[in-house]
Amino acid sequence: MLEELLEDLNPSQREAVSAPIGPVLVLAGAGSGKTRVLTRRVAWLLAAGERPSSILAITFTNKAAGEMAERVRSLVGPNADGLWVSTFHAACARMLRLHPELGGLRSGWSIYDQDDARRLLERTIRRLDLDTKRFPPRAIAQQVSLAKARLVDPERFTDEAEGLYERQVAMVYRSYQAALAEANAADFDDLIGLVVEGLATRPELAEHWRRRFRHVLIDEYQDANPAQHAFVAELVGRSGSVFAVGDVDQSIYAFRGADPSGVLTFEERFDGAKVVTLEQNYRSTNAILGLANAVIAKNRRRYAKHLFSELGEGTPARRYQATDERDEARWVAATVREFLQRGGVDPSEIAVIFRTNAQSRPLEEAFSEAGIPFRVVGGVRFYERREVRDLLAYLRVLANPDDDVALARILNVPRRGIGRGTEEALQAAAALRGRSMLSLLRAEGVEVLGLTSRQERALRGFVELIDRLGALASLHRPSELIDAVVAETSYLEHLNEEDPITLEGRLENIAELRASAAEADDLESFLERAALVSAVDEVMGASGVTLLTAHAAKGLEFDVVVVVGLEEGVFPHVRAIVDAEAVEEERRLFYVAMTRARTTLVLTSARRRASWGEPLYNPPSRFLDELPADLVATTAAPVAVGTACAESIQRASAVVEARAARSEWVVGDRVFHARYGEGTIRRVVPRGVDDELVIAFHGAGERRFFASMVKLRRA
DNA sequence: TGTCTCGGCATTTTT
DNA sequence: TGCCGAGACA
Ligand SMILES: Nc1ncnc2c1ncn2[C@@H]1O[C@H](COP(=O)(O)OP(=O)(O)OP(=O)(O)O)[C@@H](O)[C@H]1O
């Protein structure tokens, strides 16, 4: 059995899979079989007699988790029950579901996704009498999230704060955390953070989980953040059974706090760590590897490694320069059709990869026109549609009466005469007494709010509605509960009144929600899944060409990969261009995109691209210049005279703007950046016609920008 | 309280 | 471009 598991592996892969139990790190490039090795290691542990329930395998998405669990089962048979294969977030959520006290939560606790967290932050900022212009909830949410990724709690955040602005942000963070606790809720980052804290401070619970998970395995290790590293360390200690696989060149989540250096410090953090490298790529032709390697070699911060393939030389990448994004989309559709018809390629073996979700629309249109089946991964998530969120909010309030964000959402949906005034009075009274809105209403009645009798009647009616539904909650299955909510609130009538045209689609969504609820055993597990399912996990449509972002493409592989929108400002993204480190992350992202291809790589760009109204004339991506010329075959749409003119004008004006940017800032200026908040200009370095600005932000540290590109306000 | 219009602003990327 | 929040009015 053990030998069998090693049969179709190369010697290094075997060495990793059968390494003695203890810390193991597999460090290897794209397509070298890291995921395969990790899956095999799980099977190997099981075959060696380890209990399934003693194994925790971490993947990057829920979908990858499902596939890995499936794969393990096919390797070892049914005795894989009790094995946990999930994302960090899902694993921690499950632990907290079993032991809410581990995170200081009460049973029924809610998971706050980005939207919930943003709403709660906005309310917190308002309650502190701060201006939401100076403290944009989105930006603050980012800062809080980055802090939590580093396990920086409000106290430490306050200690590290410099100046009034940062102290105010710290205050917001502290109140936000208090509001979460009051609402019996945890945001995404808390799922990890609370578990880490619980394991560190509750020895009896920690003991339970350490005994339970003797083996922890982590895929895509380069994208784990410090909190997640701490979680692993809490479970396995310095010399336990930890098996991590990763590739620093595929680190594409530093923007949300991932710490790829965790890969490089593995040997310091774990005693007796064994490090295995894999060098053979089993996915791509040498042409594709040559292209990918040439691009990634341009990164300065990098740890070079060898990678070879025995899959033949292959064909060069095809490159097309389009007039605009519609021309690009049509050309892609035509090319894809050729692969399907003449090349005999299966549509599910073709992917079109873009940088941002917004780029998918022209492609969807062109594919529809051409009659090519396709599916879009991601985009607007199912669980983010309004009607779905409304109904989920009802269920959340039933599971967790203290969930004020959910309550605020449904208080007057459908309309029931509870207006702004009533809501504000209720929120203020609840905040004053330090309790949730519903518990206040239940404990003290609506009278304490000092409202008109009409307002009181409306509120009373709402509480009665929730109580009626609550009585059903414990007796009925989640899907039946959805029916009850829809019926009791006349929700369908509400949707029809709102917009009869979209009604049909919304009804379909409700039916789908009901169907997915029918699969869940109980309300809590249903709500948990709804909160944690990501866009990438959603399987839409049976088969067809896959349209997806480069981030969503990580870990996947296709025969044919088309990367579109290879222009400065698109890929690399404008927001990244000003920051040298961010450009390196963009380059890694492009590396990830290219290395998804087995045999065929197609690269396109557009000379003109509409970007909310205005046309933009972006030069081709710098990444295209980094490709070896002999591995690229180029065709281009004819250049229209008007386009060329506009392009040169655009370039000239960019230079003029760059000159103008030179004198604007001096060292010591306090500035405000939409993403990083307030900072101080530390240095101004002349770079050609432009200046480079070094700005120190709290929470985000020092960042470098080009003066002509970065958008700053005086603080 | 509810509805309408205007203006500002935003889109990276995602668990 | 389209969404959301703020403010004016019925
Ligand atoms: N020893 C092997 N023999 C044959 N095929 C292999 C071998 N090892 C891996 N492969 C195949 O190579 C491909 C890439 O493997 P896998 O996805 O595990 O690589 P990876 O290192 O995780 O890739 P990436 O990091 O780029 O996502 C898969 O199709 C896998 O089946």
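Reminder, nothing fancy here: chain letters follow the sequence lines and each chain counts from 1. Worth knowing before you read on, the calculation uses all heavy atoms, side chains too, and leaves out hydrogens, waters and symmetry mates.
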> Charged N to carboxylate O below 4.0 Å: is that the case for A/Arg587 and A/Glu626?
Replying inline: yes

>> Output the rounded distance in Å from CG (A/Asn412) to P (B/dT1).
In response: 9 Å

> Using centres under 5.5 Å plus planes under 30 degrees as the test, is A/Phe255 stacked with B/dT13?
Replying inline: yes

> Counting any heavy atom closer than 4.0 Å, what does A/Arg126 reach on the DNA or RNA strands: base, sugar-phosphate only, or nothing?
Replying inline: sugar-phosphate

>> If I take atom NZ in residue A/Lys133 and atom P in nucleotide B/dG7, what distance separates them, rounded to the nearest angstrom?
In response: 14 Å

> Can the ring centres of A/Phe255 and A/His551 be said to be less than 6.0 Å apart?
Replying inline: yes

>> Is there a side-chain contact between A/Leu120 and A/Leu180 in this structure, where contact means two heavy atoms from C-beta onward sitting under 4.5 Å apart?
In response: yes

> Can you check whether A/Gln455 has a side-chain N or O nearer than 4.0 Å to OP1 or OP2 of B/dT1?
Replying inline: yes

> Whole Å only: how far is the CG atom of A/Leu548 from the P atom of B/dT14?
Replying inline: 9 Å

> A/Thr132 near the nucleic acid: base, sugar-phosphate alone, or nothing, with a heavy-atom cut-off under 4.0 Å?
Replying inline: nothing

> Charged N to carboxylate O under 4.0 angstrom, A/Glu365 versus A/Arg326?
Replying inline: no

> How long is the line joining CZ of A/Phe231 and P of B/dT15, in whole Å?
Replying inline: 18 Å

>> Need one value for A/Tyr253: base, sugar-phosphate or nothing, where a base atom within 4.0 Å counts as base even if backbone is also close, heavy atoms only.
In response: sugar-phosphate

> What's the closest nucleotide to the A/Arg415 side chain, out of B/dG2, B/dT12, B/dT15?
Replying inline: B/dG2

> What's the closest nucleotide to the A/Arg420 side chain, out of C/dG7, B/dT14, B/dT12?
Replying inline: C/dG7

> Ring stacking, A/His551 with base of B/dT13, under 5.5 Å and under 30°?
Replying inline: no

> Between B/dT14 and A/Thr549, is there an OP1 or OP2 to side-chain N/O distance shorter than 4.0 Å?
Replying inline: yes

>> What is the distance, to the nearest angstrom, from the CZ atom on A/Arg138 to the P atom on C/dG5?
In response: 13 Å

>> If the threshold is 4.0 Å, N to carboxylate O, is there a salt bridge linking A/Lys63 and A/Glu67?
In response: yes

> 5'-most contact on DNA chain B: A/Glu423 or A/Arg355, nearest heavy atom basis?
Replying inline: A/Glu423

> Mind pulling the stems DNA chain B is in, i.e. runs of at least three Watson-Crick or G-U pairs, everything under 3.5 Å?
Replying inline: B:1-9 with C:2-10

> Does A/Arg256 make a cation-pi contact with A/Tyr253, if we ask for NZ or CZ under 6.0 Å from the ring centre and within 45° of the axis?
Replying inline: yes

>> Between P on B/dT1 and CZ on A/Arg416, what's the gap in Å once rounded to a whole number?
In response: 14 Å

> Atom CZ of A/Phe354 to atom P of B/dT13: distance rounded to whole Å?
Replying inline: 10 Å

>> A/Arg396 and salt bridge (Lys or Arg N to Asp or Glu O under 4.0 Å): which single residue from A/Asp390, A/Asp116, A/Asp113 fits?
In response: A/Asp116

> What class does the angle between the rings of A/Trp84 and A/Trp209 fall in, given that below 30° is parallel, 30 to 60° is tilted and above 60° is perpendicular?
Replying inline: tilted

> B/dT15, B/dT12, B/dT14: which one has an atom nearest the side-chain heavy atoms of A/Arg575?
Replying inline: B/dT12

>> With a cut-off of less than 4.0 Å, is there a side-chain N or O of A/Asn357 near OP1 or OP2 of B/dT13?
In response: yes

>> What is the distance, to the nearest angstrom, from the CD atom on A/Glu585 to the P atom on B/dT13?
In response: 14 Å

> Under 4.0 Å between a side-chain N/O of A/Thr61 and OP1 or OP2 of B/dT14, yes or no?
Replying inline: no

>> Using heavy-atom distances to pick each residue's nearest nucleotide on DNA chain B, tell me which of A/Thr452 and A/Ala576 is more 5'.
In response: A/Thr452

